[in-house]
Amino acid sequence: MRIPTATYRLQFNPDFGFAAAQDIVEYLKTLGVSDIYASPIFKARKGSTHGYDVVDPTQLNPELGGEAAFQPLSETVRYHGLGWLQDIVPNHMAYDGQNPYLMDVMEYGPDSEYFNFFDIEWEGPEELGGRVLAPMLGDFYDRCLERGEIQLSYDETGLSVNYYGLRFPVRVESYGRFLSYQSGRLAQQLDTSDRTFVKISGILYLVKNAVVDLKGREYRDQAQFAKGLLWDVYQESDAVREFIDQNLVIFNGTPDQPRSFDLLDELLSEQFYRLSFWKVGAEELNYRRFFTVNELICLKIDNEEVFEQTHKLIDQMVKTGQFSGVRIDHIDGLYDPTRYLERLRHRLGDTYIVIEKILEAEETLPDDWPIQGTSGYDSLIQLNGVFCQQDNQDAFTRIYQQLTGETTPYAELVSEKKRLIADTNLVGDINNLARFLKRVCQQYRYGRDLTLYGLRTAIEEVLIAFPIYCTYVNQEKISERDMAYVQEAIEAARKRIPQLINELNLIERFLSLNFEGTLPEEEKAQWLHFVMRLQQFTGPLMAKGLEDTLFYGYNRFISLNEVGGTPGQFGLSLRQFHQRQQQRQQQWPHAMNASSTHDTKRSEDVRARLNVLSELPGEWEAAVNTWRSLNGSHKTVVHDQVVPDANDEYFLYQTLVGAFPFNDGELPSFSDRIADYVVKAVREAKVHTAWLRPDADYEDGYVAFTRAILTPGDKNNFLPTFRKFQQRIADYGIYNSLSQVALKLALPGVPDIYQGQELWDFSLVDPDNRRPVDYNLRRHWLNELQQWAAGDRPALLKNLLEYRQDGRIKLWVTHRGLAARQAHPELFAQGDYQPLFARGDAEEHIVAFARQWGNQWIVAIAPRFLTSRIEPDECPIGKVWGDTTLALPSGVQQWKNWITDETVTATDDATLSDLLATFPVAILIGEAANKPTPEVAPTES
């Protein structure tokens, strides 16, 4: 297995395709990464900016350059000795007319060869009448129809229903309705003996009679034959062409004449899909979505044929060496993640596999999964948390409560926001679960008197109470791990709704697979299906309730409001941090270590700045109160509500401190970015406005406030006051960022660099973090740094510290840390983890650890909590560390600092003033003379 030394995440899109990536391969090699980590590159919906809306997993995305551009890229990657870690999407595809598999289902229904391809419950709800919901309309169905927005068209592919950019096929039986309408007009123009008339008559017979009794391939073949004949006649005969074109005009109706749309309405009612207002998708749903996104329809990936179809190109590219690893998107959405991973491992063999998985604070991965670990959200939270000063938790709680009046405990807010999502976005999904459970439990005496309402209420309560994203019960077993989480959820639900104890007891019996007596296998399968289906919705509820709602509304300290985080826990202690790294090394030594991803709410550098605030509660409180006073005149009153409210205003000030650019010349574009961001943030918070019910007045007022306080001018007293405070925080934030980089590059696991973040990057949530990256600048600076270092490294280091705001200092630390990993791959891949603790008055200000592999050692040293250690313009080097010492591992006579190229002579108690004499962070590597390197590496866990 090829284990990456370090990965570099690239976000492909039509403006950054395969050719653009090929241009930077040599730069990435020089930077020191070993593997490109690619966003999805399979054919996606046209114009996709992220690639997760796949329409055909058997093709490379033509908008990225397709096969023709990927081959030279792949050859260049391999020429430079790099690997390729590919993000794959087994859970869902785009619900779109460009999806040929879905359109086949839409056209042929149960006769489609892909009928079981998608996770559609054709049997319910009853109001859908056996059709799949298509909640894609921007308004109520009747309004869209009668405004003429839904139109019928005809071309070589046949009749289709169009709604703006959406296009759906028409089932062949409906051709009879269309062609029969006023067919006398056509008969008057054609003689009954005319070949064209005979063909039209034959087509009508086919679509009205011949296809009715056919099934499967025969049905599809005859339907295609009839459609082909019609297109031939349409091209050959002016009379037929005029007839069809006139019918299209008639069927498409006339706006403001509702009855004129009856024909199209009747035709639409015959299809295998039901067009509806997009909001209907929250309540009347019979397909599983990705979270709550109507435009992403989930697959039945547990179906072996679906697995084979969607993975054949992936398998081929692994076998040809074009992919050296895969990252699995949204593992918790799959029906049986364990079985999927086992099947994938069997297909891909000895290939590096990591999964996107959110782990709660004390949660661990199932240890029998055949993977190398997660894609790094857990390490991100740990790495961020150790820079948050826990001692000031109570102060920040008090500040938040006084400013906003928000006193609800965090745990209650979690339940409240999950309930909000359950009662709005996931209503249809929970209804479907309840209907299925009601049908199953009717077979048993103890279940017959349980009502649909009671079961639905109990299911919702259990889902809300689930403490983690997902359990993994399957046909094999229910593990002790999963049983504990099930019981925790049931007990919490019992306290909440004791009046539904019987319903909860039944659900507990099902979730525990506590079969009574000797149930028939068919009934056991029904129980298991309920459990495995329910497991597919605990994750979406957690993600939407926390990540996409609570994390935008609970603003005590937004650095902690990150994917996989628990903002109710104020950071991580040094001992907790070390303990987590030891566990990682023992259990998942090759998991990924992230600090920013395409999903993070804020970049690593934004969070590094915000964490400085955790050290300064008093100064922060005073600053915020000053700013509120200065900006009061920019607020407005909408519907008796001050805009923005205190919570949103506090959120904005934290955001500005974290994301404000170093260069004032960027202020105009920054103001635009923040204006877009606050609208997204306040909709996600779902307090004053939301995606389901936007309040334009509140949003406009918030944007106006944001733009007003960010517009320079004689009357803007806020901006200079804010800038003075923010510049100080930003300077301390630089050192937090450098520490974060140094630690990430040395910790157990595979470090990942998100595109562009080898320089300062103060991006916010997508799409802000997908802005173009200036690789010409990075390439130029890296070459310059290498040349300068070769000639006069002390002068280079001094220059980097002096001009630290330009970002080259981060590029240098990244490059040198990666160089150390490349030079000592076994040490970083296999080395154990040993916490180191400084001694002296600065001992709480240092994070340090050692790692050993045979006679090789690495020591990483990184400062934190510097506001009480150095003045704003002072560097954390040399004498500022006083007499604080750090005991380096014994047996190593000399250490090389890979960042400064200095040699450090070992002592029992080295002083930090010597170890950090010229640079704020250190990566030391040394070799002991008395312990040989083992010949065989230990097996991977």
Side-chain angles (χ1 to χ4, degrees), residues 1-9 33-39 82-90 311 314-315 317-319 321-332 334 337-359 363-383 469-470 472 564 580-595 597 744-754 818 821-822 825-833 851 853 936-941:
M1 182 182 296
R2 175 195 170 95
I3 304 296
T5 300
T7 58
Y8 190 97
R9 172 72 176 202
V33 300
S34 67
D35 290 66
I36 288 173
Y37 168 26
S39 66
L82 300 185
W84 187 285
L85 176 63
Q86 182 58 54
D87 195 346
I88 65 174
V89 193
H311 287 69
I314 297 166
D315 186 28
M317 298 187 81
V318 168
K319 285 181 167 56
Q322 293 170 300
F323 294 169
S324 53
V326 293
R327 177 261 198 191
I328 315 302
D329 182 66
H330 190 42
I331 191 71
D332 286 345
L334 307 188
T338 303
R339 186 180 181 191
Y340 169 81
L341 291 172
E342 290 170 350
R343 181 178 283 162
L344 186 70
R345 173 61 70 195
H346 177 73
R347 285 299 302 269
L348 301 188
D350 202 22
T351 299
Y352 181 75
I353 299 175
V354 289
I355 59 169
E356 181 205 31
K357 169 64 188 168
I358 306 302
L359 294 168
E363 183 186 3
T364 59
L365 281 177
D367 56 16
D368 58 346
W369 279 4
I371 58 173
Q372 276 58 62
T374 74
S375 56
Y377 293 115
D378 43 345
S379 67
L380 181 154
I381 296 304
Q382 296 160 16
L383 200 52
Y469 277 70
C470 196
Y472 303 105
R580 302 282 166 81
Q581 308 321 309
Q582 287 175 318
Q583 291 171 347
R584 169 178 292 265
Q585 175 56 35
Q586 292 163 7
Q587 297 170 353
W588 305 102
H590 304 312
M592 294 177 72
N593 292 335
S595 46
T597 77
K744 180 178 75 171
L745 294 177
L747 286 171
V750 177
D752 175 53
I753 300 164
Y754 184 73
L818 291 174
R821 294 186 68 90
Q822 293 284 2
E826 288 186 332
L827 171 60
F828 285 91
Q830 306 287 355
D832 65 1
Y833 184 92
R851 299 184 61 197
W853 172 246
V936 180
T939 57
E940 175 195 333
S941 61

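Residues Y352 and S324 form no side-chain contact, since every pair of their non-hydrogen atoms from C-beta on lies 4.5 Å or further apart. L818 places none of its side-chain heavy atoms less than 4.5 Å from the side chain of T5. Two residues are said to be in side-chain contact when any heavy atoms from C-beta on lie closer than 4.5 Å; T374 and L365 meet this criterion. You'll find the side chain of I36 stays beyond 4.5 Å of the side chain of L85, heavy atoms only. Within the 4.5 Å cutoff, no side-chain heavy atoms of D329 are placed close to those of I88. When side chains are defined from C-beta on, L82 does not count as touching D35, because their heavy atoms never get closer than 4.5 Å.
Judged by distance alone, with hydrogens and angles left aside, the side-chain atoms of K357 form no donor-acceptor pair with the main-chain N or O of Y377 at under 3.5 Å. Between the side chain of D350 and the main chain of M1, a donor-acceptor pair closer than 3.5 Å is present. Side chain of S34 to main chain of A6: a donor-acceptor pair is present (N/O by atom type, distance under 3.5 Å, no hydrogens or angles). The backbone N or O of Y469 lies less than 3.5 Å from no partner atom in the side chain of D332, so there is not a single donor-acceptor pair.
A search for side-chain hydrogen bond (donor to acceptor under 3.5 Å, both in side chains) contacts involving R851 returns Q585, not counting sequence neighbours. With sequence neighbours excluded, no residue forms a side-chain contact (heavy atoms from CB on, under 4.5 Å) with P825. Residues meeting the side-chain hydrogen bond (donor to acceptor under 3.5 Å, both in side chains) test with R345, sequence neighbours left out: Q372. Under the ring pair (Phe, Tyr, Trp, His ring centres under 6.0 Å) criterion, Y340 pairs with F307, H311, not counting sequence neighbours. By the side-chain hydrogen bond (donor to acceptor under 3.5 Å, both in side chains) test, Y8 pairs with E758, Y775, sequence neighbours left out. For E363, the side-chain hydrogen bond (donor to acceptor under 3.5 Å, both in side chains) partners are R481, not counting sequence neighbours.
Between P370 and L341 the shortest heavy-atom distance is CG-O, 3.7 Å. G373 approaches A591 most closely through the heavy-atom pair CA-CB, 3.8 Å. Heavy-atom minimum distance, L745 versus R821: O-NH1, 2.7 Å. Here the closest non-hydrogen pair linking S379 and R584 is CB-NH2, 3.2 Å. Annotation for A38 and W84: closest pair CB-CZ2, 3.5 Å, computed over non-hydrogen atoms. The nearest pair of heavy atoms linking Y833 to P748 is CD1-CD, 3.7 Å.
Q582 CD to Q587 CD: the interatomic distance, rounded to the nearest 0.5 Å, is 11.5 Å. Note that the CD1 atom of I358 and the CG atom of D378 stand 8.5 Å from one another [nearest 0.5 Å]. Residue Q86 holds its CD atom at 9.5 Å from OH of Y37, rounded to the nearest 0.5 Å. One distance of note links OG of S375 with CD of E356; it measures 5.5 Å at 0.5 Å rounding. The distance from the OG1 atom of T338 to the CG atom of D368 is 6.0 Å, given to the nearest 0.5 Å. Of the inter-residue distances, the one linking I371 atom CD1 with H590 atom NE2 reads 13.0 Å to the nearest 0.5 angstrom.
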Item to complete: Decide yes or no on side-chain contact (heavy atoms from CB on, under 4.5 Å) for V354 and I328, but give the supporting numbers first.
Response: CA-CA 6 Å; V354 289; I328 315 302; over 6 Å; no
Practice prompt. Go through W853 and E826 one step at a time and tell me if the side-chain hydrogen bond (donor to acceptor under 3.5 Å, both in side chains) criterion holds.
Written response: CA-CA 7 Å; W853 172 246; E826 288 186 332; 3.3 Å; yes
Fill in: Test log, rule side-chain contact (heavy atoms from CB on, under 4.5 Å), inputs L344 and V326
CA-CA 10 Å; L344 186 70; V326 293; 4.2 Å; yes
Item to complete: Test I753 against K744 for side-chain contact (heavy atoms from CB on, under 4.5 Å), laying out the working first.
Response: CA-CA 10 Å; I753 300 164; K744 180 178 75 171; 4.3 Å; yes
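Here W369 and Y472 bring their ring centres to under 6.0 angstrom of each other.
Exactly one residue among L383, T7, L747, D752 makes a side-chain contact (heavy atoms from CB on, under 4.5 Å) with N593. That residue is L747.
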